[in-house]
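Below is one structure, written out as structure tokens; comments come after it.
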Amino acid sequence: MEVEAYVGETDLASHARFGRTPRNAVMFGPPGIAYVYLVYGMHDCLNIVTEPPGTAAAVLVRAVEPLEGADAMREARLRRLGRRKRLDDGAIARDRDRLARLPTERLASGPGLVCAAFDIDRSMTGVDLCDPSSALRVEPRGPGDPEPLIVAGPRVGVAYAGEGWAHRPWRLAVAHSPSVSGPPLGG
DNA sequence: AGTTGGATGGTCT
DNA sequence: GACCATCCAACTG
């Protein structure tokens with residue numbers, strides 16, 4: 001499990017840095033709501049709005065450790081790959097084989113991969129992730145589960161934000177989790 | 001095992 | 001018209 005915090009309009013790494021726009025409007029609303037955007041023309045990324053209305057903060061879900069549903073995640077990722085423009089039968093077979101070999105803990109180990117594995121796209125923006133009846137939701141840790149140790153490091157891919165913001169340790173992950181993305185972080 | 005570059009389209013100045 | 005809160009294949013050694 002791995003997330004990144006984006007703390008408001010003053011955070012020059014955040015989509016909220018331009019103020020309220022059509023894309024980021026949901027960030028200015030109530031917390032617990034999904035904000036899904038498209039990066040690099042092909043990858044969806046899931047955020048959870050985290051602060052009361054008026055404060056445009058959110059958490060980017062960068063990686064998740066699958067506890068169940070691995071087969072469904074493999075199917076969802078294969079379907080998403082199927083939307084690529086060139087798809088001959090050989091390429092599809094190769095994708096299926098690669099996904100079958102991919103360890104379960106790596107099925108959602110990246111922000112784009114989380115959305116591919118859970119079949120999340122921009123149409124999910126606005127969904128209430130705290131409503132137990134939502135198809136997509138977050139749930140509290142089980143009563144028997146121990147509180148995990150959290151490690152922190154700089155956020156990924158935000159060099160454009162400049163010295164003041166780029167290396168703040170707002171990338172957070174469960175220590176020793178097999179399901180994290182990108183560069184290792186301290187701990 | 002580490003590096004490089006292509007894919008691909010929405011968003012903002 | 002530039003820039004991405006990315007992923008993966010195809011190289012190098």
Side-chain angles (χ1 to χ4, degrees), chain A residues 1-28 33-51 55-64 66 73-74 76-103 105-126 129 152-173 179-185:
Chain A
M1 178 66 176
E2 174 194 357
V3 299
E4 279 175 2
Y6 291 83
V7 305
E9 290 178 80
T10 57
D11 180 354
L12 295 184
S14 173
H15 287 177
R17 68 190 181 279
F18 300 118
R20 187 182 184 123
T21 69
R23 177 174 67 159
N24 68 20
V26 71
M27 291 181 76
F28 290 77
I33 304 301
Y35 166 47
V36 186
Y37 68 89
L38 185 71
V39 267
Y40 300 110
M42 58 187 87
H43 301 296
D44 291 290
C45 293
L46 170 67
N47 293 255
I48 305 170
V49 178
T50 53
E51 295 289 330
T55 301
V59 161
L60 169 67
V61 181
R62 289 191 58 87
V64 164
M73 291 186 183
R74 288 191 171 87
R77 286 194 50 180
L78 190 63
R79 279 199 306 276
R80 179 118 358 170
L81 287 172
R83 293 188 198 151
R84 290 176 312 188
K85 287 206 164 164
R86 309 182 202 163
L87 32 79
D88 47 75
D89 294 338
I92 294 174
R94 255 179 77 218
D95 286 340
R96 188 196 310 281
D97 187 63
R98 189 174 54 77
L99 281 169
R101 293 169 178 277
L102 193 62
E105 63 269 20
R106 308 240 93 231
L107 281 173
S109 60
L113 301 180
V114 168
C115 288
F118 285 84
D119 202 19
I120 297 166
D121 62 35
R122 285 164 291 163
S123 73
M124 305 253 194
T125 292
L129 298 173
R155 294 176 291 183
V156 175
V158 296
Y160 59 85
E163 280 290 311
W165 295 94
H167 47 55
R168 296 192 184 214
W170 290 343
R171 175 179 173 224
L172 308 172
S179 302
V180 297
S181 73
L185 58 179

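All chains are named by letter (A, B, ...) in the order of the sequence lines, taking the proteins before the strands, and each is independently numbered beginning at 1. Keep in mind it's a predicted model, so treat the numbers as computed, not measured.
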### Message
So that I can tick it off, tell me whether A:Arg62 and A:Glu4 are bridged by a salt bridge, with the cut-off set at under 4.0 angstrom between side-chain N and carboxylate O.
### Response
yes
### Query
Atom CG of A:Leu172 to atom P of C:dA5: distance rounded to whole Å?
19 Å
## Note on the structure
Taken to the nearest whole Å, CG/A:Leu102 to P/C:dC8 is 8 Å
### Query
If you look at every strand shown and take non-hydrogen atoms under 4.0 Å, does A:Arg122 touch a base, only sugar-phosphate, or nothing?
sugar-phosphate
### Task
From the options B:dT8, C:dC8, C:dA5, select the nucleotide whose nearest atom is closest to the side chain of A:Arg77.
C:dC8
### Message
Please report the distance, rounded to the nearest Å, between CZ in A:Arg20 and P in B:dT11.
### Response
15 Å
#### Entry: Nearest-nucleotide pick for A:Arg94, side chain only, options being B:dA7, C:dA5, C:dA9
C:dA9
### Query
So what does A:Thr21 hit on the nucleic acid, given a heavy-atom distance under 4.0 Å: a base, only sugar-phosphate, or nothing?
sugar-phosphate
### Task
Could you tell me the separation between the NE2 atom of A:His43 and the P atom of B:dG9, rounded to a whole number of Å?
12 Å
### Task
Tell me whether A:Tyr6 is stacked on the nucleobase of C:dA5, counting only the six-membered base ring and applying the 5.5 Å and 30° thresholds.
yes
### Task
Figure out the CG/P separation between A:Leu38 and B:dT11, and round it to whole Å.
8 Å
#### Entry: Whole-Å gap separating P (C:dT6) and CZ (A:Arg106)
15 Å
### Query
5'-most contact on DNA chain C: A:Arg98 or A:Met27, nearest heavy atom basis?
A:Met27
### Query
Any side-chain N or O of A:Arg17 less than 4.0 Å from the OP1 or OP2 oxygen of B:dC12?
no
### Query
Any chance CZ of A:Arg74 has more than 12 other-residue heavy atoms, nucleotides or ligands included, within less than 6.0 Å?
yes
### Message
Would you say A:Tyr160 places a side-chain N or O within less than 4.0 Å of OP1 or OP2 belonging to C:dA5?
### Response
yes
### Message
Using whole Å, what does the distance between atom C1' of nucleotide C:dC8 and atom CG of A:Leu81 come to?
### Response
10 Å
### Contact check, side chains of A:His43 and A:Pro111, non-hydrogen atoms, under 4.5 Å
no
### Query
Rounded to whole angstrom units, what separation is found between the CG atom of A:Leu113 and the C1' atom of C:dT6?
8 Å
### Message
For a quick test of reading the model: is some side-chain N or O of A:His15 closer than 4.0 Å to OP1 or OP2 of B:dT11?
### Response
no
### Message
For the backbone of A:Ala5 and the side chain of A:Arg155, can you confirm whether one donor and one acceptor N or O come within less than 3.5 Å of each other?
### Response
yes
### Closest non-hydrogen atom pair between A:Ser109 and A:Val180, with its separation
CB-O, 3.7 Å
### Query
Can you tell which of B:dA7, B:dT11, C:dA5 lies closest to the side chain of A:Arg23?
B:dT11
### Task
State, with a plain yes or no, whether a side-chain heavy atom of A:Asp11 is found less than 4.5 Å away from one of A:Trp170.
yes
### Message
Does A:Tyr37 contact C:dA5 through a side-chain donor or acceptor facing the base, at a distance under 3.5 Å?
### Response
yes
### Task
With heavy atoms under 4.0 Å as the rule, sort A:Tyr40 into base, sugar-phosphate or nothing.
base
### Task
With a 3.5 angstrom cut-off on both distances, give the Watson-Crick or G-U wobble partner of C:dC8, or none if there isn't one.
B:dG5
